[in-house]
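Bear in mind the structure is a predicted one, so any value in this text is a computation, not a measurement. The sequence lines fix the lettering, A, B, ..., with proteins before strands; numbering per chain opens at 1.
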Number of protein chains: 2
Amino acid sequence: MTDQKTNTGADFSRTDPAALEDRIRSAALRPTRQRLALAELLFSNGNRHLTAEKLHSEVLHSGVKISLATIYNNLHQFTAAGLLREVVVDSSKSYFDTNVTPHHHFFHEDEGRLQDIESSELTVLGIPNLPAGTAISSIDVIVRLSKQSS
Amino acid sequence: MTDQKTNTGADFSRTDPAALEDRIRSAALRPTRQRLALAELLFSNGNRHLTAEKLHSEVLHSGVKISLATIYNNLHQFTAAGLLREVVVDSSKSYFDTNVTPHHHFFHEDEGRLQDIESSELTVLGIPNLPAGTAISSIDVIVRLSKQSS
DNA sequence: TTCCTTTTTAGAAACATTCTAATCTATTGA
DNA sequence: TCAATAGATTAGAATGTTTCTAAAAAGGAA
């Protein structure tokens, strides 16, 4: 149980450089210095929800020189490979989630922060018949939270 | 039952200029030429899901000169007044929904088109306890649809 | 009408994201 | 080990959506 294709939340690959490299190789990508740095931040710290800009500043602070274009390239490549999932909650920027199993989200509107809701907890009932010629690509539930008013 | 604060889908104000003007006045806004043109497109054609750009091109085609800045100003003012609701489904642009009652959406990913799911049909069960100090602002369910693969 | 406020506007600016084309790097296999 | 090549990174330009600015126009009250 040290390495799996799925990621349910446990930080299973825990900074082990070889495991990170395998993960990148399994996506048919080369384990470059930049990718390893990104993978470490993304996949060795439990489930995370990050914007491109946040990831960029984290990786720069970790001492690895990397351009924003590379951040975007890799976020998209990781997403295409199923290592990340994009979550649409804000019309102005994209969030990427390291938990790629089916699940839902709380979104703290004031902080711009996402929080997982496991799909074992939350159920969606009564989806109508699908329009002809279509198939479900995903079901996204976002519970938007504001600060308590009183 | 000709005019109500809520809008469940019926096109109840049906191009009646006086009703549109009341609707604008009730939001503490002046019924300008531009606002009336926008209100007519938004509120006299059943439930609609529009982007700023789409609304702009529609209103220009209807013969009313209006700038994109005015479109944005008014979409936001109408939203603040509860006449519209913003739906976040696409990280690159905003959609505005004329149906402001609680409900959910199908999103046709290939066409960028939204379709209502009434909340009488779809139920969300098992929302976990809310984080301390927060209250639910809204619950958004988006069923993303792709073209059937086969 | 006059005055005051709101609204509209063109254009500039801001912002996230994507593109371009040049340079660099990992990998392969001789 | 090295050269060849395919893939990766990069700075900076470009794009698209949305917001801002400041000035002109229009609505409404008196």
(message) Test of understanding: with side chain to side chain contact (heavy atoms under 4.5 Å, CB included), list the residues that count as partners of B/D90, not counting sequence neighbours.
(response) B/S92, B/K93, B/Y95

Which atom pairs, one a donor and one an acceptor, fall under 3.5 Å between side chains of residues 29-39 of chain A and the rest of the protein, sequence neighbours left out?
unit_1	atom_1	unit_2	atom_2	d
A/T32	OG1	A/R35	N	3.1
A/R35	NE	A/N74	OD1	2.7
A/R35	NH1	A/R30	O	2.7

(message) For nucleotides 12-30 of chain D, give me one character per nucleotide, 5' to 3': B if any protein heavy atom sits under 4.0 Å from the base, S if the only such contacts are to the sugar-phosphate, - if neither.
(response) -----SBBB------BS--

(request) Mind calculating the distance between CD1 (A/I66) and C1' (D/dA11) to the nearest angstrom? (result) 14 Å

(request) Would you mind listing every ring pair (Phe, Tyr, Trp, His ring centres under 6.0 Å) that reaches into residues 44-74 of chain A, with sequence neighbours excluded? (result) A/H49-A/H105

(message) Filter on side chain to side chain donor-acceptor pair (under 3.5 Å), then keep only pairs touching residues 125-137 of chain A, sequence neighbours left out; what's left?
(response) A/S137-B/E109

(request) Tell me, please, which residues at least two apart from B/E86 pass side chain to side chain contact (heavy atoms under 4.5 Å, CB included). (result) A/S91, B/S94, B/F96

(message) So, does A/T70 get its side chain near the phosphate of D/dT9, meaning an N or O under 4.0 Å from OP1 or OP2?
(response) no

(request) Can you run down the salt bridge (Lys or Arg N to Asp or Glu O under 4.0 Å) pairs that involve residues 47-70 of chain B, sequence neighbours left out, and say none if there aren't any? (result) B/R48-B/E58, B/K54-B/E58

(message) Could you check whether A/D116 and A/H104, counting side-chain N and O atoms only, form a donor-acceptor pair closer than 3.5 Å?
(response) no

(message) What is the first contacted nucleotide of DNA chain C and what is the last, in 5' to 3' order, if contact means an atom lying under 4.0 angstrom from a heavy atom of chain A?
(response) C/dA16 to C/dT27

(request) Compare side-chain N and O positions of A/Q34 against OP1 and OP2 of D/dT10 and report whether any pair is under 4.0 Å apart. (result) yes

(request) Could you list the residues that satisfy side chain to side chain contact (heavy atoms under 4.5 Å, CB included) with A/D140, not counting sequence neighbours? (result) A/R85, A/S138, B/R144

